[in-house]
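Heads up: the structure comes next, in structure tokens.
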Amino acid sequence: MRNTEIQPAGMLQRIRAVPVVTIVSILLLALLLVLVVAPLVLLFRTSLAPPGELPFNTDVYTLENYRSALNNARLPTLIGNTLKYAAGTVCIGVGVAFTIAWLVERTNLPFKALIRTMMFSWMAVPPVVMAFGWILLGNPGNGIFNVLLRWMFDLRGAVITVYSMKAMIIITGLAIVPTAFTMIAGLLRNMDPHLESAGSVHGASGFSVFRTVTLPLLVPGLLSVGILLFMAMVQAFDLPLVIGLTARVPVLSTQIFLLANSDISRPDYSLTATFGTFFLLLAAVLMMVYFRTVRMSERFRVVSGKAFRPSKRPLGAWRLPAIGFVALYFLIMMLPFLVLIWTSFQPFYAVPSAEAFGRMTLQNYADVFGQSFIIRALVNTIILVLFSATIVMVLSVMIAWISVRSKGRLGKALEVISFLPIAIPPVVLAIAVLLIYLRTPLYGTVWIIILAHVTAYIAFGTRTMNAALLQIHSELENASFVCGAGWFTMLRRIIFPLLLPHILNGWLWVAGHSARDITFPLFLITSSNVVAASQLYLLWTTPEIPTASALAVILVMGLLSVVVPVQIYAARLESGRHRRSRASDPALAPAE
């Protein structure tokens, strides 16, 4: 009887809440159309404008830019270099990441918590910082490696060089290992070990079980990870800009940048938009391949509803080699940052020696904090990071709730459009944002970069929140409606607290990528909206290498000081919530 009295009241509250949700859905849809769709429409319109013209200045439509681009003798080289760079990078990154993830998740390797923390923290290090460090190590003239090898073996000339396609592939491949590790470790952690045990019971050796059981089950998941990373590397801009231009290894992303930032002539935005359209089509094809691979991997699910623990294989005699392999990887990754720290204390770049040690100074750090334009860049960076990450996560929670809980067309439209930016290369989106806001008050301010980052990262935020919301039963929200709470109150009092660990992790991801991104700041740069990443590039190319090194160290340490504590807090919050859930539900006790 009590339920029959409450249910009509609950239905009445839900009916009253529907208009609010509908209004919010329409506003969010309009916002996404402005952020995501409008720039792409203008990009395509610009590609159809007469050569050298902006769409605001003409009503003429022409295919001349497409003919020029297709007849460009460099186009096959650009596409070939882009695909070669992406494929080689992914092979190295996935190979190393899979090895380390296997050791961490499926063996008795020690220091697992430390390895996971270092992997997650290393994703906060900007790729451009790593590129500068590798240049100081492998520069043909005075790079530390070359100086050391010439001294040890009495050699002449450049022994190794960082300015080559092979070097770019190796450096980038090692740099994406932490990202690949995070995805592959989840695959290994969630795989039911009973299938492997069955193979062992039937007399198969460990290698045979791995080859005939484990690897076939993991291949679809690994393939989806590889394609996702391949898409990211096709769109990569940081290392191809810093190393590839000097190495004369052009790719599509750097070609678009050069067209939009010509030093000797007026930027050709119409031809830039045309190359951007080609780039967008390539990304769309890769996205379709990715979705097909993900659908195929659904047939290989081996996670059951009952609790299980993946078996841990003893390493035995391979224990020390395994520890050495992991330690070697982290040492290689630390070398570029260590050389930047060394250079930041030098009045000018010098190879480590007793004489150079005596010249160590803090003047470069004093210059960083004593020059107004660098201080302005650091302040802009703080504004950029705080607003970008916060806006993305607030919008993501609202969009995810509507798309997950609503079965209507508005929810589906929000889900599709919010995911669209993942298929848009950052350089293409940067050009689109530049074109649409070129003649507005936003141009030349840090807010145009914030809008660009919100547009670029909303796909990650909504995907993360969608997955998290699927784990929360709608009964909790219905209970709040029954008690008279409105939709915004329900989000604030129910959804946000329950999703707090996921929101914090998503906020950290967006904040880290916003601070380390160099694509949007360089494409949208003016004298008043310089941020730390773009200022770092400007100092490096001036060149003021010691000052740039000091700024790089400050940027990395600042990111780590935020990312590591918040990530640890979010992990403990999630762990405590799981412990309380198990304690309150006796059925889950055996899973301990």
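- Between L524 and I448 the shortest heavy-atom distance is CD1-O, 4.0 Å.
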Item to complete: Take M119 and V177, measure what side-chain contact (heavy atoms from CB on, under 4.5 Å) needs, and give me the verdict at the end.
Response: CA-CA 8 Å; M119 284 291 189; V177 166; 3.9 Å; yes

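- When every heavy atom of V24 is checked against every heavy atom of M398, the shortest pair comes out as CG1-SD, 4.5 Å.
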Practice prompt. Quick one: do F279 and I431 satisfy side-chain contact (heavy atoms from CB on, under 4.5 Å)? Show the steps, please.
Written response: CA-CA 12 Å; F279 208 170; I431 290 296; over 6 Å; no

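- In this structure, the side chains of M333 and L174 come closer than 4.5 Å at one or more pairs of heavy atoms.
- Around atom CZ of R409, no more than 12 heavy atoms belonging to other residues, nucleotides or ligands sit under 6.0 Å away.
- Remark: side-chain polar atoms of T381 are paired, donor with acceptor, to backbone N or O of A532 under 3.5 angstrom.
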Practice prompt. Determine, step by step, whether I115 and L103 satisfy the side-chain contact (heavy atoms from CB on, under 4.5 Å) criterion, reporting the C-alpha distance in whole Å, the side-chain angles of both residues, the deciding distance to 0.1 Å, and the verdict.
Written response: CA-CA 11 Å; I115 293 172; L103 292 173; over 6 Å; no

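- Residues S418 and L414 come closest through the heavy atom pair OG-O, 2.8 Å.
- Within the 3.5 Å criterion, the main-chain N or O of V530 finds no donor-acceptor partner in the side chain of S534.
- Counting heavy atoms from C-beta outward, V562 and V385 have side chains that stay 4.5 Å or more apart.
- At least one side-chain heavy atom of L559 sits under 4.5 Å from a side-chain heavy atom of P126.
- Counting only heavy atoms from C-beta outward, the side chains of T445 and S528 never approach each other to under 4.5 Å.
- Side-chain atoms of P55 and L42, non-hydrogen and from C-beta on, do get closer than 4.5 Å to each other.
- In this structure, the side chains of V433 and L451 stay at 4.5 Å or more apart for every pair of heavy atoms.
- Contact of the S403 side chain with the N466 side chain is registered, since non-hydrogen atoms from C-beta on lie closer than 4.5 Å.
- For Y85 and T172, the side-chain atoms include at least one donor-acceptor pair closer than 3.5 Å.
- The aromatic rings of H513 and W509 sit parallel to each other, their planes meeting at less than 30°, with 60° as the upper class boundary.
- Judged by distance alone, the side chain of T82 and the main-chain N or O of L252 form a donor-acceptor pair under 3.5 Å.
- Dense packing is recorded around NZ of K112, with more than 12 heavy atoms of other residues, nucleotides or ligands lying under 6.0 Å away.
- Residue I424 comes nearest to Q235 through the heavy atom pair O-OE1, 4.0 Å, listed as atom of the first residue, atom of the second, then distance.
- Checked by atom type and distance alone, the side chain of T390 never pairs as donor or acceptor with a backbone atom of F387 at under 3.5 Å.
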Item to complete: Test side-chain contact (heavy atoms from CB on, under 4.5 Å) on F230 and L286 and set out the steps.
Response: CA-CA 8 Å; F230 184 83; L286 293 174; 3.7 Å; yes

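- Here the side chain of S253 pairs a donor or acceptor atom with the backbone of A236 at under 3.5 angstrom.
- When side chains are defined from C-beta on, E105 counts as touching R116, because their heavy atoms get closer than 4.5 Å.
- A donor-acceptor pair under 3.5 Å links the side-chain atoms of S47 to the main chain of F44, judged by distance alone.
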